[in-house]
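Data first, discussion second: the structure below is written as structure tokens.
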Protein chains: 2
Amino acid sequence: MRLTTKGRYAVTAMLDLALHEGKGPISLADISERQGISLSYLEQLFAKLRRNQLVGSVRGPGGGYQLNRPKAEIDVAEVIDAVNENVDATGCNRRGDCQSGEVCLTHHLWCDLSDQIHTFLSGITLADLVERKDVKEVSIRQESRQSEKMIATDIRAASGL
Amino acid sequence: MRLTTKGRYAVTAMLDLALHEGKGPISLADISERQGISLSYLEQLFAKLRRNQLVGSVRGPGGGYQLNRPKAEIDVAEVIDAVNENVDATGCNRRGDCQSGEVCLTHHLWCDLSDQIHTFLSGITLADLVERKDVKEVSIRQESRQSEKMIATDIRAASGL
DNA sequence: TAAAGGCTGACTAATTTAGTAGGATAAATA
DNA sequence: TATTTATCCTACTAAATTAGTCAGCCTTTA
Ligand code: FES
Ligand code: FES
């Protein structure tokens with residue numbers, strides 16, 4: 001089992017989409033800036049999210065990505081799964097054969113742990129996250145940061161740079 | 001966060017010690033054979049377990065390792081921790097600073113998940129595992145395998161090979 | 001004194017992560 | 001129609017980690 005920035009990035013980006021739902025397609029450049037994730041890396045992650053039918057894309061200017069389903073119907077476990085981070089703690093993919101074809105001493109322990117984690121993560125949807133106080137706070141901070149930057153670039157543009 | 005064979009091996013080996021408690025020091029060669037783990041790799045893992053005071057060692061012939069505490073007072077989380085696999089799912093080690101010094105969108109989600117996992121793993125002791133039916137069954141299988149092998153080598157020795 | 005076993009450090013192949021680089025394609029707009 | 005904006009796609013990379021191997025030294029018991 002592993003849970004690294006890859007899975008965290010994927011969930012963060014999907015949550016960003018959920019937060020800006022209804023404003024039309026969101027470009028990866030926007031997400032990259034707001035969430036501090038490399039644009040090229042996001043492209044790779046969204047390729048997988050798209051293949052797993054979690055998001056849809058619109059190409060060309062004004063294009064971007066949108067959730068393919070209502071945010072209340074996308075859970076965190078799915079998102080992590082889509083980018084190939086499996087939250088399975090066993091060494092045998094639950095097959096029970098990691099000790100030369102037979103079940104090892106601790107197999108059931110890891111199965112229990114996997115169930116625990118999966119139950120937790122699949123019980124949380126993007127809609128749940130959007131409603132959380134801490135998420136709202138961070139989101140507000142990110143929005144104001146972004147508009148500050150936009151104003152700064154506007155000034156620079158207006159002054160002829 | 002990651003949970004790979006490293007942590008699984010450590011828990012398996014510690015459980016093997018717990019299962020054979022009271023029979024004096026257990027050699028890594030025995031554990032290696034019973035659990036199918038490379039001897040040299042076990043040595044590396046036990047160096048860490050010893051540094052973390054989880055096991056004690058006896059050198060020389062008849063030597064080996066023993067639990068340093070009653071098996072009811074050693075929990076799975078400790079063992080995994082001892083071999084440097086941290087079960088923390090955040091990207092910031094709970095500091096809340098992974099987005100250029102500030103808290104990211106999903107920080108609290110990963111904190112909750114980490115708590116969940118830690119609570120689960122620290123609630124299970126080696127004594128708990130020893131009592132489990134599935135562990136007992138696998139242990140019995142491993143014992144009989146081992147004695148079969150010993151008989152086989154005895155025969156070979158007796159026949160002058 | 002030889003063997004059993006712990007102890008140590010250096011090395012390694014393979015894999016994965018977290019990207020970068022460079023370009024191709026599609027759609028909107030000027 | 002040309003330019004711009006964006007997705008899409010492939011290939012490459014440095015760094016880290018895993019799961020070991022190898023060689024040899026140190027202790028203790030028989
Ligand atoms: S983890 Fe499933 S058999 Fe070992
Ligand atoms: S995971 Fe803690 S701040 Fe992002």
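Residue numbers begin at 1 in each chain, while the letters A, B, ... track the order of the sequences.
A close approach under 4.0 Å does not occur between any side-chain nitrogen or oxygen of B:R8 and OP1 or OP2 of D:dT18. Considering only side-chain N and O atoms, B:R50 lies under 4.0 angstrom from the phosphate OP1 or OP2 of C:dC7. For B:T4, a side-chain nitrogen or oxygen approaches OP1 or OP2 of D:dA19 to under 4.0 Å.
Among residue pairs with one or both ends in residues 118-136 of chain A, those qualifying as salt bridge (charged side-chain N to carboxylate O under 4.0 Å, His left out) are A:E131-A:K136, A:R132-A:D134, A:R132-B:D112; sequence neighbours excluded. The list of salt bridge (charged side-chain N to carboxylate O under 4.0 Å, His left out) pairs with a residue in residues 80-94 of chain A, not counting sequence neighbours, reads A:R94-A:D115. Contacts classified as salt bridge (charged side-chain N to carboxylate O under 4.0 Å, His left out) and involving residues 45-59 of chain A (residues at least two apart or in different chains) are not found.
Per the geometry, CD belonging to A:Q66 stands 14 Å off C1' belonging to D:dA6, to the nearest Å. One can place CG of B:N86 at 10 Å from P of D:dT18, the figure rounded to the nearest angstrom. Summarising the geometry, the separation between CG on B:L45 and C1' on D:dA19 is reported as 9 Å, rounded to the nearest angstrom. Between B:R2 atom CZ and C:dT16 atom P the separation is 13 Å, expressed in whole Å. At whole-Å resolution of the value, NZ in A:K48 and C1' in D:dT10 are 14 Å apart. One atom, NZ of A:K6, and another, P of D:dA16, lie 18 Å apart when rounded to the nearest Å. The distance between atom CG of B:L49 and atom C1' of C:dG6, rounded to the nearest whole Å, is 14 Å. Note: CZ (A:R51) to C1' (D:dT7) measures 13 Å, nearest angstrom.
Considering only residues two or more places apart in sequence or on other chains, B:Q53 meets the side chain to side chain contact (heavy atoms under 4.5 Å, CB included) condition with B:N68. Every residue was checked against the salt bridge (charged side-chain N to carboxylate O under 4.0 Å, His left out) condition with A:K6, not counting sequence neighbours, and none meets it. Take A:Q142 and apply the side chain to side chain contact (heavy atoms under 4.5 Å, CB included) test, not counting sequence neighbours, and it matches A:Q35, A:V138, B:Q99, B:L105. Under the salt bridge (charged side-chain N to carboxylate O under 4.0 Å, His left out) criterion, A:E43 pairs with no residue at all, not counting sequence neighbours. Remark: B:E78 engages B:R69 in a salt bridge (charged side-chain N to carboxylate O under 4.0 Å, His left out) (not counting sequence neighbours).
A donor-acceptor pair under 3.5 Å links the side-chain atoms of A:S122 to the main chain of A:H118, judged by distance alone. The backbone N or O of B:I37 lies less than 3.5 Å from a partner atom in the side chain of B:S32, making a donor-acceptor pair. In this structure, the side chain of A:S27 engages the main chain of A:D30 through a donor-acceptor pair within 3.5 Å.
By the 30° and 60° cut-offs, the orientation of the rings of B:F46 relative to B:Y65 is tilted.
Scanning residues 52-61 of chain A for heavy-atom distances under 4.0 Å to DNA chain D yields A:S57, A:V58, A:R59, A:G60, A:P61. Taking a 4.0 Å limit (strictly below) on heavy-atom distances, residues 95-108 of chain B does not reach DNA chain D anywhere.
B:V11 pairs in a side-chain contact (heavy atoms from CB on, under 4.5 Å) with only one of the listed residues (B:V76, B:L3, B:I124), which is B:V76.
Each of B:E85 and A:L28 was assigned the nucleotide of DNA chain D with the nearest heavy atom; the assignment lying further toward the 5' end belongs to A:L28.
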Can you give me the N/O atom pairs linking the protein to nucleotides 20-23 of chain D at distances under 3.5 Å, or say none if there are none?
residue	atom	partner	partner atom	Å
D:dG20	OP2	B:Y9	OH	2.8
D:dG20	N7	B:Q44	NE2	3.1
D:dT21	OP2	B:S38	OG	3.0
D:dT21	O4	B:Q44	NE2	3.1

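Taken to the nearest 0.5 Å, the OH atom of A:Y41 stands 14.0 Å off from the CG atom of A:L28.
Among the atoms of the strands shown, only primed sugar atoms or phosphate atoms (P, OP1, OP2) are found under 4.0 Å from some heavy atom of A:Y65.
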## Note on the structure
Applying the Watson-Crick and G-U criteria (both distances under 3.5 angstrom) with [ ] for crossing and | for other-strand pairs, one obtains for DNA chain C ||||||||||||||||||||||||||||||
